[in-house]
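Just below is one structure, and these are the notes that go with it.
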Amino acid sequence: MIDRRLIREQPEVIREALDKRGMEFDLDELIRLEARRRQLLAVEELRAKRNELSKQIGATIKAGGDAEPLKAEVVEVNRRIRQMEEELEEVEALLERRMLELPNIPKPEVPVGVDEEDNVVVGQQGEPRSFDFEPRPHWEIGPALGILEFESAVKIAGARFVTDMGAGAALERALINLMLDTHTRKHGYTEVLPPFLANERSLIGTANLPKFEEDLFKTREGLYLVPTAEVPLTNLHQDEILDGEELPLCYTAYTACFRSEAGAAGRESRGIIRLHQFHKVELMKFTRPDQADEELEKLIRDAEAILEMLELPYRRVMLCTGDLTFASCQTFDLEVHFPGMGKWVEVSSCSQYGEFQARRCNTRFRMHPEDKPQFVHTMNGSGLACGRTMAAIIENYQQENGSVVVPDALRPYMGGMSEILPPLP
RNA sequence: GGAGGGGUGGCCGAGUGGUCGAAGGCGGCGGUCUUGAAAACCGCUGUGCGAAAGCACCGGGGGUUCGAAUCCCUCCCCCUCCGCCA
């Protein structure tokens, strides 16, 4: 959420941001509502009058006088208050709803663009692997090796699910452990194993609600399956005032992630790139505003460190304004080269949100007890998406005979296994 | 799930429907004292909106009343006991 003051004081900043994102939004309505809300604040004068008269009534009764004329006066004042309050409530409710639908303002350094075509590659590590045979996509290799099953997943749940089997399950678990161990022991993050279901308030906090409900799975009880660990982690400190000396707070969490992928029908339908359930180790930080850029860079480096340990060729992409997610003010994607698919695929998305989410979660900090609390900055990134990383390994480490070599860094996590071999005929 | 008991400021904890934004204590901040620290003593110490006056907030929402932290309804959460359960 954006500071309301901006709406009355610098609406042009918001208008420019909406233009850059290429987003339709009735900003004038918002400005009207905010102006009306301000007018209706005059009700406070009437409330002051009521408070004053009520005090007089109390004093009069205590003194044994007749309070009836005063009471009649308050009844009249109350009638006027109720009238104004009715409209005020209406205006505030609508204003609140619209505010929650207003996207974040991109940072000035974000390249202006329309869609992913305008994203900018800002770094690359390693070169796409060359093969002396035709590399195959992971959805051919995995099932052939018996480590990825689509048929059983369809029986259990339906389309867009996968079953990891045998060495496949071990491989994904090894990835989770490698990532968590590295982030906690080498990068200084605190490990969290949060709830995988979250309530409406928390989803509003991260800005998945109210606008993107159709992307989520909802339970009968009104809870939502988390689409990412960002949701529980960002809501860890709802309604708290943190000690500025303790910032940045750095958390990492493994969670399953659930996305209904409504409207994504047909896109990336093969393999395990887009599923209803996937697994991810997330990195998340609460920082002071002045630390944000530096901490985001470190967070991205922490995610990249995993790719380097796995010796996967990757590049870093800065998203343009048109490709930014709703809540983000700056996002960098990490893309790994998939030789079987013949393209770069996102395995991590690292974003900072400024105070956008912190306002919604009401997470603040102060440096000294006498300071006014101010909003923290939040940021997060995949460190990394496990399923996609596993697919990247399958494609990058495939051998001509159909086997997959286990990256060195994962072998200690797989009982020393160095290669996943096809089942004997 | 059933029965009972509770949710008050950073924490603990008072609070007869009227001058309660809320006693007291702890903690924190500032000061006196001290070579320094501790102890003692004194003062200050919630958040939001607003230029200010002021308004709002005692788990959330609604109601009764001239007036609600105090009464009523409802939801949520916590504790105890019972049941069920990985």
>> Give me the distance, rounded to whole Å, that separates B:C33 from B:A38 when you measure between the P atoms they each carry.
In response: 15 Å

>> Please determine whether a side-chain nitrogen or oxygen atom of A:N51 lies at a distance below 4.0 Å from atom OP1 or OP2 of B:C55.
In response: yes

>> Let me spell it out: for each of A:R366 and A:E45, pick the nucleotide of RNA chain B with the closest heavy atom. Which residue's pick is nearer the 5' end?
In response: A:R366

>> Around atom CZ of A:R201, are there more than 12 heavy atoms from other residues, nucleotides or ligands closer than 6.0 Å?
In response: yes

> Could you give the NZ-to-C1' distance, from A:K71 to B:U65, as a whole number of Å?
Replying inline: 9 Å

> Tell me: CZ of A:R8 to P of B:C49, nearest whole Å?
Replying inline: 10 Å

> With a non-hydrogen cut-off below 4.0 angstrom, is A:R82 in contact with a base, only sugar-phosphate, or nothing?
Replying inline: nothing

> How close or far is atom P of B:G9 from atom CD of A:E240, stated in whole angstroms?
Replying inline: 14 Å

>> Considering every strand and a 4.0 Å limit on heavy-atom distances, what is the contact class for A:R201: base, sugar-phosphate, or nothing?
In response: nothing

> Which base sits across from B:C26 as a Watson-Crick or G-U pair, both distances under 3.5 Å?
Replying inline: B:G10

> Any luck finding a side-chain donor-acceptor pair between A:S202 and A:N199 under 3.5 Å?
Replying inline: yes

>> Please report whether the ring centroid of A:H377 lies less than 6.0 Å from that of A:F286.
In response: no

> Within this structure, what is the CE-to-P distance between A:M1 and B:C49, rounded to whole angstrom?
Replying inline: 11 Å

> Do the charged groups of A:R364 and A:E240 touch, with an N to O distance under 4.0 Å?
Replying inline: no

> For B:U65, does either OP1 or OP2 sit under 4.0 Å from a side-chain N or O belonging to A:N78?
Replying inline: no

> Is A:L53 touching bases, backbone alone, or none of the nucleic acid, heavy atoms closer than 4.0 Å?
Replying inline: nothing

> On a whole-Å scale, what distance lies between the C1' atoms belonging to B:G21 and B:C55?
Replying inline: 13 Å

> Going through the checks in order, is the ring-ring contact (aromatic ring centres under 6.0 Å, His included) test met by A:F212 and A:F326?
Replying inline: CA-CA 10 Å; A:F212 308 101; A:F326 180 80; 5.5 Å; yes

>> Could you identify the nucleotide paired to B:U32, looking across every strand shown and requiring Watson-Crick or G-U wobble geometry with both distances under 3.5 Å?
In response: B:A40

> Within this structure, what is the CD1-to-C1' distance between A:I241 and B:G27, rounded to whole angstrom?
Replying inline: 16 Å

>> Please report the distance, rounded to the nearest Å, between CZ in A:R37 and P in B:C55.
In response: 18 Å

>> Could you tell me how far apart A:M84 (CE) and B:A56 (C1') are, to the nearest whole angstrom?
In response: 15 Å

> What is the nucleic acid contact for A:R38, judged by heavy atoms within less than 4.0 Å: base, sugar-phosphate only, or nothing?
Replying inline: sugar-phosphate

> Could you state the CG-P distance from A:L46 to B:A53, rounded to the nearest angstrom?
Replying inline: 19 Å

